[in-house]
Amino acid sequence: NLKSHQINSKSTSPSIDCRINSILSYHGMLLIGTNTQGIIRVQDHKIIDTISPDNSLLPSYNILKLKSDQHKFYAATNKGYVKFWTDKQHHILRSKSFSMSDGLPSDQINDLIALNDTAYLATNDGLVMVDENA
């Protein structure tokens, strides 16, 4: 309300009662990165599904950042990062996790961005550039 300088905090969206670290708008849906529940996908004010270690799509429930690049989205976690490929209906076609066992200097991925064919990862041990075609 511009006159009273108040925000109406009545929720019209689904109840998500945990710490939220990142929110991403991805082709008409919200991807919500949480601290304890993985990624919650919301469309039309309804929870569609949850991506988590329970369905073997994430190495951790702790999602630090979410980013996207066309038909891919990325999740930075405290146990590496995950790249997801989706189809035109935004169903997950496949995912691939990357961690120290793949050559990263740290599993703690604090932030990331994908530009062209390179993923840039902000880790506790510096900046890492990953060639997406390799």
Side-chain angles (χ1 to χ4, degrees):
N1 183 319
L2 295 176
K3 290 181 183 177
S4 68
H5 300 284
Q6 296 291 315
I7 294 175
N8 180 357
S9 62
K10 292 182 181 175
S11 177
T12 58
S13 60
S15 175
I16 300 170
D17 58 354
C18 62
R19 179 178 168 167
I20 296 172
N21 294 328
S22 186
I23 300 174
L24 175 68
S25 174
Y26 184 70
H27 300 289
M29 75 174 71
L30 285 179
L31 302 179
I32 301 172
T34 70
N35 203 46
T36 57
Q37 296 181 21
I39 301 169
I40 299 171
R41 299 197 311 167
V42 175
Q43 191 166 30
D44 299 324
H45 303 288
K46 295 182 179 109
I47 295 175
I48 299 170
D49 61 13
T50 300
I51 303 168
S52 71
D54 294 338
N55 50 29
S56 301
L57 294 174
L58 284 172
S60 171
Y61 290 100
N62 189 1
I63 308 302
L64 301 171
K65 292 285 181 177
L66 293 167
K67 300 290 174 105
S68 67
D69 180 18
Q70 295 179 359
H71 291 292
K72 299 180 295 260
F73 69 92
Y74 302 80
T77 79
N78 62 330
K79 293 185 179 178
Y81 83 102
V82 185
K83 180 177 175 180
F84 295 91
W85 290 265
T86 61
D87 63 16
K88 291 181 181 180
Q89 291 76 36
H90 316 300
H91 299 110
I92 296 172
L93 297 173
R94 65 186 174 106
S95 66
K96 172 70 176 137
S97 296
F98 301 90
S99 66
M100 288 179 68
S101 64
D102 298 300
L104 295 179
S106 171
D107 280 337
Q108 180 82 21
I109 310 298
N110 300 309
D111 202 355
L112 61 88
I113 190 166
L115 295 173
N116 301 320
D117 293 327
T118 304
Y120 296 88
L121 311 174
T123 75
N124 285 353
D125 294 322
L127 179 68
V128 177
M129 295 176 286
V130 177
D131 180 354
E132 299 237 311
N133 294 320

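Quantities reported herein were computed from a predicted structural model and do not represent experimental measurements. Because only heavy atoms are used, hydrogens play no part in the values below, and waters and symmetry mates are left out as well, while side chains stay in.
- Taking NZ of Lys96 as the reference point, atom CG of Asp102 lies at 5.0 Å (rounded to 0.5 Å).
- Cluster note: Leu64 groups with no other residue, as no ILVMFWY side-chain heavy atom lies under 4.5 Å from it.
- Remark: of the listed residues Leu30, Ile40, Val42, Leu30 is the sole one forming a side chain to side chain contact (heavy atoms under 4.5 Å, CB included) with Ile23.
- With sequence neighbours excluded, the residues forming a side chain to side chain donor-acceptor pair (under 3.5 Å) with Lys67 are Asp111, listed by chain and number.
- The two atoms that bring Ala75 and Leu112 nearest to each other are C-CD2, 4.1 Å, heavy atoms only.
- Residues satisfying the side chain to side chain donor-acceptor pair (under 3.5 Å) criterion with Lys79, sequence neighbours excluded, are absent altogether.
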(message) What verdict does the side-chain contact (heavy atoms from CB on, under 4.5 Å) test give for Asn62 and Asn21, after you've listed the backbone C-alpha separation in whole Å, the side-chain angles of each residue and the deciding distance to 0.1 Å?
(response) CA-CA 9 Å; Asn62 189 1; Asn21 294 328; 3.4 Å; yes
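- Asp107 places a side-chain N or O within donor-acceptor distance of the main-chain N or O of Met100, the cut-off being under 3.5 Å.
- Sorted by first and then second residue, the salt bridge (charged side-chain N to carboxylate O under 4.0 Å, His left out) pairs involving residues 36-45 (not counting sequence neighbours) are Arg41-Asp49.
- Taking all atoms of both residues into account, the shortest heavy-atom contact from Asn110 to Thr123 is ND2-C, 3.6 Å.
- The distance from the NZ atom of Lys65 to the OG atom of Ser22 is 6.0 Å, given to the nearest 0.5 Å.
- Defined by atom type and a distance below 3.5 Å, a donor-acceptor pair is missing between the side-chain atoms of Ser52 and Thr50.
- Residues Met129 and Leu104 fall into different hydrophobic clusters, defined by Ile, Leu, Val, Met, Phe, Trp and Tyr side chains chained together at heavy-atom separations under 4.5 Å.
- When every heavy atom of Tyr81 is checked against every heavy atom of Ala76, the shortest pair comes out as CB-CA, 4.2 Å.
- For the pair Tyr120 and Leu115, the minimum side-chain heavy-atom distance is below 4.5 Å.
- Environment of CG in Asn116: sparse, with no more than 12 heavy atoms of neighbouring residues, nucleotides or ligands closer than 6.0 Å.
- If you take NZ on Lys83 and OH on Tyr74, they are separated by 4.5 Å, rounding to the nearest 0.5 Å.
- For the ring-ring contact (aromatic ring centres under 6.0 Å, His included) test, no residue two or more places apart in sequence or in another chain qualifies with Tyr61.
- Ile92 belongs to a hydrophobic cluster with Leu24, Tyr26, Met29, Leu31, Ile39, Ile48, Ile51, Leu57, Leu58, Ile63, Leu66, Phe73, Val82, Phe84, counting contacts under 4.5 Å between side-chain heavy atoms of Ile, Leu, Val, Met, Phe, Trp and Tyr, direct or through other members.
- At distances below 3.5 Å, at least one donor-acceptor pair connects side-chain atoms of Thr34 with backbone N or O atoms of Gly38.
- For the atom pair OG (Ser106) and CG (Leu121), the distance works out to 10.0 Å, reported to the nearest 0.5 Å.
- Side-chain N/O atoms of Ser60 and Asn78 include a donor and acceptor closer than 3.5 Å.
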